[in-house]
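Everything on this sheet refers to the single structure shown next.
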Amino acid sequence: MKKFLFLIALMIPAFAFGMSKSQERVKVTGVVEWYGTAPFAWLGLKTEDGTLYSLTADKDKKDALEELHGYRLCVEGILLDEAASPKMMSAPQIKVKGWKKV
């Protein structure tokens, strides 16, 4: 019985690790824009083909991105699996890791 419980205890982390969703790194080029109205405004990136992405980042990066409103950027980050909140019109979310002006 102890061996059985030990095997189960070993299998649970392995199963959980195997079932975790991989985080896809992406590079997307577009124009940084504000969407919505205060207090529900959110920062987005609109590509040339009209695709809209919601941008999330830590406070320092978000503050810097806000200053780049209207600029064309190549944003690198992680495409998040969780659905965007309703205020973001179900736009896919990118957790920003870095960017450069294009």
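Closest approach of Leu52 to Pro92, counting heavy atoms only: O-CD, 3.3 Å. Closest non-hydrogen pair, Leu43 versus Lys62, comes out as CD2-O, 4.4 Å. A pairwise comparison of heavy atoms in Tyr71 and Glu67 identifies CE1-O, 4.3 Å as the closest pair. Residues Lys97 and Lys61 share a closest heavy-atom pair of O-NZ, 3.2 Å. When all heavy atoms of Gln93 and Leu79 are compared, the closest pair comes out as O-CD1, 3.5 Å.
Between Val32 and Trp99, every side-chain heavy-atom pair lies at or beyond the 4.5 Å cut-off.
The local environment of NZ in Lys46 is sparse, with at most 12 non-hydrogen atoms from other residues, nucleotides or ligands closer than 6.0 Å.
Hydrophobic cluster membership differs between Val75 and Val102, with clusters built from Ile, Leu, Val, Met, Phe, Trp and Tyr side chains linked at under 4.5 angstrom. Cluster annotation: Val31 is not connected to Leu68 through the hydrophobic network of ILVMFWY side chains, with a link wherever side-chain heavy atoms come within less than 4.5 Å.
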For this session: Given side chain to side chain contact (heavy atoms under 4.5 Å, CB included), test Arg72 with Lys101 step by step and report yes or no.
Result: CA-CA 6 Å; Arg72 183 174 163 80; Lys101 287 184 184 177; over 6 Å; no

For this session: Check step by step if side chain to side chain contact (heavy atoms under 4.5 Å, CB included) holds for Val96 and Thr56.
Result: CA-CA 6 Å; Val96 178; Thr56 61; over 6 Å; no

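Distance check, rounded to the nearest 0.5 Å: CG of Leu73 to NZ of Lys27 gives 13.5 Å. Separating the CG atom in Leu45 from the CD1 atom in Ile94 is a distance of 6.5 Å, to the nearest 0.5 Å.
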